[in-house]
Amino acid sequence: MAKKILLLDGNSLAYRAFFALPLLTNEQGIHTNAVYGFTMMLQKILEEEQPTHMIVAFDAGKTTFRNEMFGEYKGGRQKTPPELSEQFPYLRKLIDAYRIKTYELPNYEADDIIGTLSLEAEKEGDEVIVISGDKDLTQLASASTTVYITRKGMTDIEKYTVDHIREKYNLAPLQIIDMKGLMGDASDNIPGVPGVGEKTALKLLAAHGSVEGVYEAIDQQKGKMKEKLVANEDLAYISKKLATIERSAPVEVSIEELSYPGPDHDELVKVWNELAFKSLLEKLDYTAEETTKKELEFEVLTELDASILEDEMAIHLEMYDEQYHTCDLLGVSLATADKTYVVPMETITQSQAFKEWFADDSKKKYMSDSKAATAAFYRYGLGVDGVDFDLMLGAYIVNPSLTYTDLANIVQEYGYTDVAQNEQIYGKGAKKAVPEAAILNEHMARKARTIWEVRPMVLKKLQENEQFDLYNKLELPLATILGEMESFGVKVDKEQLVEMGKDLSHKLEKIEFDIYGLAGERFNINSPKQLGVILFEKLGLPVQKKTKTGYSTAADVLEKLEGKHEVISYILMYRQLGKIRSTYIEGLLKEIHEDGKVHTRFQQALTTTGRLSSINPNLQNIPVRLEEGRKIRKAFVPSQPGWVMVAADYSQIELRVLADMSKDESLIEAFQNDMDIHTKTAMDVYGVGAEDVTPNMRRAAKAVNFGIVYGISDYGLSQNLNITRKEAAEFIDTYLKSFPGVKRYMDESIQMAKKNGFVTTIMNRRRYLPDINSSNFNLRSFAERTAMNTPIQGSAADIIKKAMIDMADALKRENMQTRMLLQVHDELIFEAPPNELEKLKTLVPQAMESAVTLNVPLKVDFAFGDTWYDTK
DNA sequence: ATGCTCACG
DNA sequence: ACGTACGTGAGCATC
């Protein structure tokens with residue numbers, strides 16, 4: 001049978017992948033990008049080529065026979081970055097799991113092993129594919145051998161056949177060696193003829209065929225070129241020799257031994273888990289089927305009485321998708337130390353015993369994403385109390401940088417693999433469906449079991465990290481509160497939105513017409529690509545900034561062009577109004593439920609800083625800055641006639657947190673005296689009195705304050721203020737001299753991250769920053785800014801979460817009808833009956849301001865009105 | 001599916 | 001020299 005042999009250049013591919021991909025890490029902070037790139041490439045090749053035989057060749061050591069020929073060979077090379085060296089053991093493990101042979105030979109490079117084996121295979125008449133990141137290997141191309149060279153991604157591959165090399169360089173494969181002989185190779189420190197590059201080398205070879213040919217006809221050269229060639233004849237020959245792959249190296253494996261049996265799936269899954277290759281694990285269907293799960297016995301109950309329901313139980317509600325406010329509920333599973341049950345939905349809803357148990361505070365429920373379950377049960381009139389454990393929230397507190405979408409993925413972090421991913425049970429896309437009862441029941445049973453089994457591991461981790469209180473006193477009670485807020489929803493005035501939509505459509509139509517007139521043609525204004533062509537090619541406006549796919553047409557770019565062509569301001573207006581119509585009119589209308597309300601979902605285990613996020617719809621980014629957009633807020637109204645909307649927001653909470661954490665005297669003083677912080681900053685930075693701060697000075701100071709919170713960089717500030725980087729750098733310098741405590745805080749945050757690998761908030765929320773010691777400037781800088789920003793943003797998130805719990809308690813304690821509706825990072829939105837308004841005016845600010853005690857006061861602004869728009 | 005753009009804090 | 005402000009979600013165009 002004809003063989004198909006794959007010969008891989010291990011070192012070269014690892015290097016390529018390392019530099020092509022961003023520095024990923026697994027949870028232990030081990031870098032994985034080279035192994036990942038290699039894996040992606042391998043997966044693709046295996047699928048496309050279906051090889052019968054494979055080998056990965058590695059370089060054996062530092063020196064080879066080439067160094068004896070030319071001492072400086074590969075000299076001047078930077079030593080392998082530690083981030084890459086640490087990956088080689090994992091790469092070996094991975095290749096072993098694929099059951100691919102590896103080979104290395106002292107004194108020889110991987111190239112020579114591949115060259116030797118490919119020659120052997122050619123003699124046998126076998127098909128060969130050589131894979132490398134190094135174009136030197138293309139000299140091996142022949143009628144039966146193709147050389148694949150990876151391009152910038154890892155899965156993007158250029159295939160060098162004899163014909164392709166002819167087309168590309170007008171050379172035969174062996175002439176690649178002559179090309180290197182003439183032009184050299186900087187990366188291998190092959191000298192070549194100084195002054196001869198690719199263009200010249202190709203010209204010479206087109207005329208004379210080889211290095212030898214060039215020198216035989218040396219008299220045809222003249223001037224400088226001749227001088228260079230004559231003076232460096234020796235270098236040319238030695239370079240050619242260095243570039244020649246040895247094809248009769250003493251390789252002691254035979255092609256027969258390279259036969260490829262396919263991967264060891266269990267091993268592969270193990271290695272991928274260790275490397276945290278989530279997307280790969282998810283992609284492969286066989287992860288579920290082929291990893292053997294422990295047997296699980298469970299009982300399906302068609303009747304549910306109190307005898308089953310114990311004092312402590314894991315309970316899981318199975319739902320058809322993430323939209324728990326509307327989706328089908330498929331059943332409930334329960335687990336104790338030694339029993340597992342599955343209960344159909346009808347049985348649950350008909351069981352009085354369950355209803356009582358579920359609402360009983362003394363019966364401990366262990367759940368995962370308890371908010372989803374409680375919000376869904378709420379639709380059936382089932383109220384919950386006694387949620388004692390939430391696996392998803394616990395795991396999120398342990399490490400907020402991971403993704404918490406599927407229970408299977410969460411528990412995988414704790415080495416637990418006995419539960420399938422939802423996608424494997426239901427399928428995805430158009431194929432998604434509820435499977436037969438046996439499969440569904442087992443899936444549900446396994447989830448309850450999982451929660452029970454993994455709970456102690458999560459609790460242990462929380463204790464070790466001293467994060468139990470954060471989890472138990474903050475996130476867990478908050479989940480219930482958020483669930484109630486979501487379930488209650490926010491009333492939206494549909495007619496109001498529809499009217500605004502009509503008005504906008506008229507305006508947009510006019511602007512669209514004007515734009516076509518000014519541009520001289522019709523085009524899709526929403527397409528950055530088409531717009532770019534009109535502005536920068538047809539109208540010849542100066543290009544300010546490019547994106548990787550073309551011209552940037554972002555608002556800041558267009559604003560710089562505003563004086564240059566009349567069409568620009570129309571485009572900006574079109575964008576502004578178009579956004580309002582598509583996202584906030586049409587988008588929002590689609591999200592209104594039958595009760596006339598929107599029911600957002602607050603994602604509580606998503607952000608890396610501890611903030612919430614809001615989806616379907618996102619109610620945390622409703623327009624406010626510009627009046628046209630702000631009008632959208634008129635459609636957010638109380639759910640009962642005569643009631644009012646109430647908004648209470650923290651004033652400068654992040655800078656107050658910074659004052660507290662940095663202990664900066666000037667900052668503390670400013671807040672203790674309730675000064676305008678941006679004016680105060682301007683006073684200190686410019687060294688002037690309050691009366692002498694101009695609006696421009698205040699604006700600049702405000703930008704710096706933002707920058708400080710974000711983890712300042714001169715470039716970022718320069719962009720924001722439209723000044724040069726140098727000016728920005730000086731500005732920052734002056735700021736940090738005026739606020740030495742802030743400077744100290746910045747430095748200490750980075751030191752903390754370098755030393756411990758993570759930073760923390762005031763309530764001991766953690767964020768790991770594995771890139772903080774990276775040799776890659778970008779990654780390291782990003783980690784440093786994150787080290788400065790996360791404690792600030794995260795502590796502010798901690799504080800408002802605490803305020804929400806206190807606020808919910810207060811409303812209950814005071815027996816009030818006022819409902820908390822939304823949280824928008826530093827503000828809380830309520831609806832209230834008018835008779836409770838007076839009380840709220842003191843209650844809300846009081847609760848929010850006393851959520852924590854800092855060394856500066858917290859300040860809350862309170863407002864109310866008939867709609868959200870009017871709370872100003 | 002991915003990139004660009006833009007809405008919020 | 002490197003190339004970015006921190007954290008999000010949604011709609012649209014384009015592949």
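These numbers come from a predicted model, not from an experiment. All values below were derived from every heavy atom in this structure, side-chain atoms included, with hydrogens, water molecules and symmetry-related copies excluded.
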Counting only heavy atoms and a strict 4.0 angstrom limit, can you tell me which residues of [range] come near DNA chain B?
range	answer
residues 791-802 of chain A	A:Q793
residues 615-622 of chain A	A:Q620, A:N621, A:I622
residues 578-586 of chain A	A:K579, A:Y584

(request) Start with the C-alpha distance between A:R656 and A:Y650, add both sets of side-chain angles, then the distance that settles side chain to side chain contact (heavy atoms under 4.5 Å, CB included), and finish with yes or no. (result) CA-CA 10 Å; A:R656 287 172 197 263; A:Y650 282 111; over 6 Å; no

(request) Counting Watson-Crick and G-U wobble pairs whose two distances are both under 3.5 Å, find the runs of 3 or more in a row that involve DNA chain C. (result)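 So the stems come out as B:1-9 with C:6-14.
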
(request) Sequence neighbours left out, what passes side-chain contact (heavy atoms from CB on, under 4.5 Å) with A:Y710? Give chain and number order. (result)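 A:F706, A:N789.
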
(request) For A:F777, check side-chain contact (heavy atoms from CB on, under 4.5 Å) against everything at least two apart and list the hits. (result)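 By the side-chain contact (heavy atoms from CB on, under 4.5 Å) rule, A:F777 matches A:R780, A:S781.
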
With under 30° as parallel and over 60° as perpendicular, where do the rings of [X] and [Y] fit, or are they tilted in between?
X	Y	answer
A:Y551	A:F536	tilted
A:H599	A:H593	tilted
A:F864	A:F862	tilted

(message) Reading DNA chain C from 5' to 3', where do the contacts with chain A start and stop? Cut-off is 4.0 Å to heavy atoms.
(response)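 For DNA chain C, the relevant span reads C:dC2 to C:dC15.
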
(request) Using salt bridge (Lys or Arg N to Asp or Glu O under 4.0 Å) as the criterion, list what pairs up with A:K743, not counting sequence neighbours. (result)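 With sequence neighbours excluded, A:K743 shows a salt bridge (Lys or Arg N to Asp or Glu O under 4.0 Å) to A:D747, given in chain and number order.
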
(request) Quick one: list whatever passes salt bridge (Lys or Arg N to Asp or Glu O under 4.0 Å) with A:E627, sequence neighbours left out. (result)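 Result, salt bridge (Lys or Arg N to Asp or Glu O under 4.0 Å) vs A:E627: A:K631.
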
(request) Using a 4.0 Å heavy-atom cut-off across all strands, classify A:T549 as base, sugar-phosphate, or nothing. (result)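 Sugar-phosphate only.
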
(request) Could you walk me through whether A:I732 and A:D714 pass the side chain to side chain contact (heavy atoms under 4.5 Å, CB included) test, one step at a time? (result) CA-CA 7 Å; A:I732 292 166; A:D714 49 10; 4.2 Å; yes

(request) Taking A:S614 for its side chain and A:L619 for its backbone only, find out whether a donor-acceptor pair lies under 3.5 Å. (result)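 Yes; judged by distance alone, with no hydrogens or angles, the pair exists.
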
(message) Checking A:Y404 now: which residues fulfil ring-ring contact (aromatic ring centres under 6.0 Å, His included) with it, not counting sequence neighbours?
(response)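 For A:Y404, no residue satisfies ring-ring contact (aromatic ring centres under 6.0 Å, His included) once neighbours in sequence are set aside.
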
Scan the side chains in residues 570-578 of chain A for donor-acceptor partners under 3.5 Å anywhere in the protein, sequence neighbours excluded, and list what turns up.
| residue | atom | partner | partner atom | Å |
| --- | --- | --- | --- | --- |
| A:R575 | NH1 | A:T553 | O | 2.8 |
| A:R575 | NH2 | A:T553 | O | 3.3 |
| A:R575 | NH2 | A:T553 | OG1 | 2.7 |

(message) Tell me if the NZ atom of A:K507 is crowded by more than 12 foreign heavy atoms within 6.0 Å.
(response)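 Atom NZ in A:K507 is not packed in, count stays at 12 or less.
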
(message) I'd like the 5' and 3' limits of the part of DNA chain B contacted by chain A, with heavy-atom contacts below 4.0 Å.
(response)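 Listing 5' to 3', DNA chain B meets chain A from B:dG3 to B:dG9.
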
